[in-house]
Each structure stands twice: as C-alpha cells, then as structure tokens.
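Each chain gets a letter, A, B and so on, in the order the sequences are listed, and its residues count up from 1.
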Amino acid sequence: MEEQSNLNKKNSRRQFLKKGLLAGAGIAAGGGLVSAYVDTNATESGKKVKVLTTGGEIMEVDRGLLKLPRVSREESHKGLPGRKFVMVIDLGKCKNARKCVEACQKGHHLPKSQEFLKVYLLQDSEKTSPYWFPKPCFHCDNPLCVSVCPVGATYKRSDGIVLIDNERCIGCKFCMTGCPYSTRVFAWKHYHEFDEDKEPYSPEASSPGKEGTVSKCDFCPDLIRVGKVPYCVSACPMGVIYFGDVDEDTVTNGTETYQFSQLIRDRAGYRYLETLGTRPCVYYLPPVDRQFPVDRGFPDLTEEVKSRYKDTPYSRKNKP
Amino acid sequence: MENEKKSPLREFAPQLEQTSFAGYAWIVFLLAVIGFGIYAFFQQVFKGHEVTGMRDNVVWGVYIVNFIFFMGISYAGALISGTLHLFKTTWRKPVIRMAEFITVISLLIGPCFILLCIGRLDKLYYLVIFGRIQSPITWDVIAISTDIFGCFIFLYLALLRDLATLRDDDFLRLPSWRKRIYKALALGYTGAPEQQQRLNRATDIMAAMVISIAIIVYSVLAWIFSVTLQPGWHSTIFGPYFVIAAVYSGSAVLIITMWVFRKVYHLEDYITKKHFVAVGVIMLVLAAFFGYFTFSDYLTKWYGSEKNDELLIQLLFKEFYWPFIISNYIGVLLPLIVVGIPKFRTVTNITLTSIVVVIALWLNRYIIVVPTLESPYLPIQDARPEWVNYTATWVEWSLNAAGVAVFCLLFTLASKFVPIVPVTGLMEEAKKEDVLV
Amino acid sequence: MKKYNSFLTILVLFIAMMQPHNLKAEENLDSANIYTETKLTLGYFCGPQDSVYLTATLLIKREENTLALEDAQVEFIVIGETSNKVIGTVNTNQEGIAKFTFSITGLPTNKDGMISYMAKFAETLKYPATEVSFSAKPASLKLFFSVEDSVKTLRVTATQKNAKREVIPISKETVMIYVPRLFSLLKIGEISLDETGTGTLEFPKEIVGDTLGNLIVMARIEEHDVYGFVEGKNTINWGVPKQYYKAEVPSRELWTPIAPMWMIITLIVMLLGVWAHYFYAVYELIMIKRLSKKNINLF
C-alpha cells in the first residue's frame, strides 16, 4: 500500500528511477543513478529487497551490494582534490521512514546496535513543535574529536570529511566524549556483521569493523569516489537529505538539485548547536511546511524502534 | 621511652623478620581477590568490552573513576610528604614514609585502570609512536610517566638512610639475599657529612619537584574532562578542584593507613593521637577547600541554569541523590565537625571520618564522570536500558576490588621490606633528645 | 561455545554465498534446469555531431530473484525497412549494463525520419533470448552565448533531420538548461522554443564555475516521444570562480596533525626543567656512591 501511494507522488523516487533508466547513461554526471536501481532504495525483507522495474512492476533483487574500489589507508588520508562536502537535511520532509538508517547499516556492514545515522524525535521547548531529526556525523570544520585523539586515528581531510582509521584507533573513547553530538559508536565486541565484508579494510569504507575501536558516519567517500551520493541520500524516499560540494555551490538528493547558497538563504538553513563553535558541515532546513505530521513517523516502526521515543516530551503528551 | 633505650629498628624487627599466620592468610586473601580480578580481565579480553556496563553513551565508567581516585591519592601522598619535608614539620617523621608509599603504590595502580578502559590494548604502544601533542591523553601519558620516575626517586632518597641502617644492623635475622639487596640499594651510604649534605640537597629538590609535578599531573587529568564541551565537565575550575579533591582523599587514605599499621604492628609509641590530629587538621582544611570548590562549581551551573546544566543538576538530585549527598554534603561537613570540634577528636573518630571521606570522594568522581555522560546535548533516545543508564557489571567491580587488593598487597609487602616508619630519623631524634636531656 | 562457533561459520559462509549477485554468464550449470527469465531495457541518448549513446541493461529473473547478468553479450542493431544491421556487440559490466556509442550517419530511417534501434541478447545454454527496441528521430541542440548591455544571454537552437536528411528546426518544444555537477545536473533554467527552433534565457548570476569561472552549459530535450533524449553542450566563462575551502578564521588548528607552536615549546621547557632536576638528584646519588668508594680506599 505504502509503495502504491508513493508511486503517485510527484517527484517520487520511483518516477525518477523510471526516468533515469530510460535516460540511460544520459546522466553522464550522475553515474550513481543506474546503480541506485540495484543496491539502494532497499526495503529489507530477508535477503531480498524490493525495487520497481521500468515497467512499473515490483521485483525482488538480491541485496548484495556492488563492489566499490577501496583505497589504501595512506590514500584515504588525502581528500578528493578540490572538493568540500556538505550535507543539507530538510526537517520539513522527514517522516522517520528510517530507510537512510537501514541503507547505511547495510552499506557499512553494521550490526543493529551500531547506527552511524540516528533519527531523533526532538522538541526544542514545551510549546514548540516536535520534529524528526536525522543526525549523521557533522564533519565539523573544528572537530574536537580530531583534536583530542591521542594517536591521530581520526583525521580531517582536505575535502572536509572526518574519517577514522580503525587500524590506528586504540579505543580510548576520548573522541566519543569529545564529540558534543553523540555521533560516534564503539564496537563493544566482534559483531558477526563485520565478517560479511570480505574486502580489505579501508577507512573510506569504515568496513569491516574492528572490535574495540570507534567508528562513525563517514559521508561514504568510497561511493563519492565513483560519483555516487552516500547511502542515506539515495535511500531516502522523501528526498530529505541533500549532499554535494559546497565549493561548487550545489547539493542534490538524487532527484532535485539545488544551489546550496540559494537553498540555505531561501529556507533559512542553520547548523545545529552553532554556539559550540564546532562549525559543522551539515546544515538543517527548519521543519516548516511539513509534508507529514510527526505521528506519521510512528506506525511503520518496529516495537524496538518505537520504544526509543517513549520518553520524549512528545510521546509523553500524545501517547502514539 | 627513656628507660627502655632500645633502637627503634629492634622494635620493627618482627615486622621485617617474619610473617604471622594472620599475615599469610591476609596475603592469600588478597591474592585470591587479585586472581578473580585477573579472571574478570580475561573475560573482558576474550568477550570484548561488552561484559562491562559501559555503552555508547556512558563510554567511561568505574575504571575511569578508579583511575582518577588512585591517581588522586597518589598525588596526595606526594604533596603531603613533599610539603611536610620542605617545611621541616617536626611531627612528620612517623607518617611520611606511609605517605610516600601511598604515592608510589597508587601511582602504579592508577594507570592500570585506564588501560582496562582501552579497547585495543594490543595497540597501546601507538600512544608513544604516534602520540599527538594536542591530545590531553598524550599530556597525561607524559605527565604520569614523569611523575612515576620522580616519585620513585623521591621515595628512594627517603629510604636511603634506612637501607643503610638495615645493611649495617647485624642483629636482624634476615635471609642473606635480602641483606645483599639492602647492601646494593644502600649505595655505600655511611652517613659521612658530604654524603648527608648531598642526600639532603637531592631530597629537597625532589620534594619541590614532586609537589609541582603532582599539581601539573592532576590538572592535566582534570583537563581530559574539561577540554571537552560536555556540560558538567567543561569548567575552568576543574584543574584546581581535582588537585584539592586529590590531596583531600589522600589525607584520608593516609589516616586510614596510619590506623591500620598502628594496630597491626603495634606502633602506638610512634604514631600517637598527635599525628592523627595533625593529619586530621590537614584533612579539615582540605575539606573546607573541597567544599568551597564544589559549591562554586555547582552554584555557577545552577544559578545560570543553562539547559544542559539544568538537566544535569536535575539528574544529580534525582537518580544520583544519595551519591551526591554523601560526596558533597557528608563528605565535606563530617571532617569539619569531627576534627573541628576538639571533643570529637579521637583516633577512632578521625579514622572513621577518613573512611567516610574516602568513600565520599570515590562517589564524587563517579558523579563527575557518569551523570555527565548520561545527559549529553542530544537526548539519549534508546530502547535498551543499559544504553541509557550505566550500571557497573561484576567484571568492573571485580577489577575494582582487585585494584584495592593490589594496593593492600603492595603496601603489606613494602612494610615487610623496609620499616613502615623511618627508623633512622627516629634514632637521630632520640639522640637529639638524649643530648637535650 | 564450539557449537555456536560452527553455527556462526556456517552462517558466515551462507551469507558469503548469498553475496555475489553478478552471475558470470557461463557459470552455475546446476541452475540450468530452473526456469529463468531474461529482461533487457534500453536507454537512448542523442548527443552532438550525430552521435548516439545506447545503454542496455540485462537482468535475469529466477525464482523471485532478479539479478544483473555480467559479461553477457548484447548486440546493438538498427532496424531497416528491409534488413537489420548489427552496429556493435558489447559485453555487460557487473551492473548488467552494456554501453555503446556510435554515429548515426548513414543509418536507415523510416518515412518519418525515425531510426529504430534494438538491443538483443541471444539464447545461451542457460538463458533464453530477449530483445528490446526503441525508435527516435535524430536531433541536435546548439548553444550560443551573447552579452548585450551587460545582460548575459544564452540562445539555444534545436534542429532535426527529416527523412530526406534535411536539417529543419524543432519548434514549440521545451528545452532544459543544466550545469553538470559532481553528482547531478543543476538546473538553471528552461527555454521554450519558438517556430524557428530558437529560444533564449537570461543567464543567471552566481553560478559557480571552475577556478577560472568556466562553466559547461547543457541544453536538453528530455523524454520526448519523437526525439527521446537530445543534448547539446557548450562552455563559457560566465561562472563565479570557484573558491577552494579554507578553514574559517580564527582556527584553533588543534585538529591539524602538528600541534600549535606554543604547546610544543611549553612542553619541551617543562620536560627539560623537570628532568634536569631528576638528573641532578640521580647525579647526587652517584656522588654518594663515589664517596663511599673513596672512603673504602682511604681506610
């Protein structure tokens, strides 16, 4: 049912895929679009995922991911030349569909207990309106996590991306207390999901994970390298997350492409907790002109996820 | 005292020469506790840090609390012994060695606790080969290792005369290997005037060094917390606050140690009520300072009531109510009352107060570390209770107990190796008294 | 524990086996008797100078699984009035896509000037044959830039070739104007063509180009029933020169690999001060030892 209603939406991802496929390689600059058909846009259902074909029928596709090139640890310290990445998250469109989280987990071979991307239910004060708040790593321009690292296991590259080298990390967890946004996660044991990844380790892939080390959202530089947007961006059915090169002044969510400066100006974009002086590279568009009321984020959740939001001011008041 | 006229070393002979059955039982008990701690440690190594209560929000738990605690009492020993030495306090002699032992022993245990907290012990040497000077952890590695060297040198200087006395004493029934160790360690010190002069000069310098390094090291330790942006940690007062809390806890541990050795080795002649009151008064002054810093820290947080500070204070008064009351009310007021009012100043009272103070200060570190991590800027939204609230597991408690056991064991062994009271100093004092009489 | 481990190994192996989704065309003989369906989709794209770019995506469907078929041969064919002409044969990549670029000069058209293309996958031992076709009329878009009274104007002309190979304008169509970016195309405007196949657009300011301000501008007719996808490109230095990212000031620079100078100096001074005193104390101890030897020698 959900799939059907999505189909009818303008700018829906399905429509886009149809276009994309018909256009074929016409999307010279958007090499990621064709592959989006196979590896992302996934609703997990066992080992298979559902995608829509060009003919409009729903097919199940093996959930295996395409092999991405993995660069060496030394190479991963250099940023992509002449780039500076930025993310814009439109809070007005998020309905906690959690596709971003699922795609990210799958792409990075993460266990359920480790989420690089979390979706919060926030309410700034009693009389303000609650909203869903997807939170990746902010890849700050003044990253405290990098400052406090005693061994240089986490570093900021020339393209603005903050990465972790799990082979260097000693697991002191100082960066986790240094980050004011609770972005980083720790591998408290060896999760079997780590073994799914047979490729050699690269900090750009943040995979395979290593026990006793810290990891976090990495802006998927391995995908960027092949001209694709991060997993969360292409997975979002609502097009909430925009990604791009800020020096090029462009961000895209896969379907729509905007001038970054215009988007931030027209939609009053801001950075979360600006007062902390961390200078994040993730911008938020305020939750105005909602496409969905907040409670639309609840019905499709599993009990486990639902109970995460039990103790929020919104849930205490509304009992969804 | 005058009519008995025996060398103080004679009096310490039993302690050095033999170990009673109770003594062996005590050592076996300690070894058992340590053994269980080792078992817990292997659990942690093989099953991963999942066996601890720490999770992504509360990434530091009682290991870090113990780290701060042991480092704290260590600096206290250094500061107290150093200060007493430099100011030539007359009553210092019987207690100064205990303070020095506290320093060195806890300095060996403290860093072990931070190692327990580290995810990849196999890569620990990266701290040295890839160390970044910007990181407070690197500051800590440098400062602590410098401090360990300094405290060992200071302890050695203080032991030198006694080692020479032990070497020269022919009446002690000791195995020859121990005699040989004493001989090697005594460096041929005979008490020649020039030797004395050099020893005094070195001791004075090291006392000054130990005091300043203790302040630096404990401030660095505090900065690990206060350089982060976490509400509750990001505070300028943390450096001096930690130093004061450290000395405070150390003075309490010193009193407890004094009481234990006085009881076990029957040192009532040497460690008298005068000493308990003297150290007790130091503890009282430090309690006042500690209370003042605590008040100052929480007052500024509470008065302005910034959103996250308010949440933290709410948490402290709700879920951490008793630890907060014990550490910041009872832990401050009790010594003020017991030592402050002359009527209450008995050896037992002062010792009991010290025990409460030690517990209070351990809890103080706990409520500095844990509640802050439980109230980050972004609210914790998680379905798993252990991810929201921290509770230490048996693994952590066992290792905690093992740490205390190692402390007691090393102290016991040290007291078997050298007199727990500097005998040479006492002999000199006795001579002086003779001359005066 | 051991049981659990072996279970884990099996699980891991199982997952590993499930992983490769790109079947090599000539492998997996045991699955030959399972009914397999193949499916081709064709993408069409008409570029400048009569070049055409075709992409064929080959998928196979077996027991509810849809997989991309790697290394399979796809034939690209132009359908003529009387006979078909194979213009190329390409193997699919790991995503099941075969890409082929060619010139349309001299290819047969129908009476409306349309060219019919076909992608064909021939039957193999395990996979049935499949084909897909698509027809489009060759067209071309050209971009011209002009500045009048400091107004920057982009003019686009659209042309097509009729059955007699004459170039005639495309009128009354909508052309999208894009600037290609790292991940996608940034739309900067839309042009409606007049009867002569021409349209203009006042070029927007504040479009970032490369460091010299150069921009690639792209005009496109998209998803058209007759023309399919048509694209024209041109380059102009009307962009805002790209400014490379610099850390905002004031930067504390604590995150950079090298520590601030004051920190290094402070550390060295403090360490030297402390260790000098240590060495002095150790020196005194050595002297004490020496003195004892002297004494022994004396007596």
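Contact annotation for B:D147: only backbone heavy atoms (N, CA, C, O) come within less than 4.5 Å of a heavy atom of chain C. If you measure heavy-atom distances from C:L267 to chain B, the contacts under 4.5 Å come from the side chain alone. Contact annotation for C:I258: only backbone heavy atoms (N, CA, C, O) come within less than 4.5 Å of a heavy atom of chain B. Of the atoms belonging to B:F149, heavy atoms from both backbone and side chain fall under 4.5 Å from chain C.
Aromatic pair B:F42/B:Y39: ring centres not closer than 6.0 Å.
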Q. Could you go step by step and tell me if B:R201 and C:Y280 meet the side chain to side chain donor-acceptor pair (under 3.5 Å) rule?
A. CA-CA 10 Å; B:R201 206 155 50 206; C:Y280 179 74; 3.0 Å; yes
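Of the candidates B:Y218, B:Y241, B:W233, B:F238, B:F225 forms a ring pair (Phe, Tyr, Trp, His ring centres under 6.0 Å) with just one, namely B:W233. Looking at B:L166, B:D162, B:T165 one by one, the single match for side-chain contact (heavy atoms from CB on, under 4.5 Å) with B:Y182 turns out to be B:L166.
Of the listed residues (B:I216, B:L157, B:L160, B:I133), the one with the most heavy-atom contacts under 4.5 Å to chain C is B:I133. Interface remark: of the candidates B:A143, B:A202, B:G150, B:G150 forms the most heavy-atom pairs closer than 4.5 Å to chain C. Among B:L199, B:T146, B:I142, the residue making the largest number of heavy-atom pairs under 4.5 Å with chain C is B:T146. Of the listed residues (C:I264, C:V282, C:L285), the greatest number of heavy-atom pairs within a distance under 4.5 Å of chain B belongs to C:L285.
More than 12 heavy atoms of other residues, nucleotides or ligands shown are found within 6.0 angstrom of OH on B:Y377.
No side-chain donor-acceptor contact under 3.5 Å links C:T174 and C:E190.
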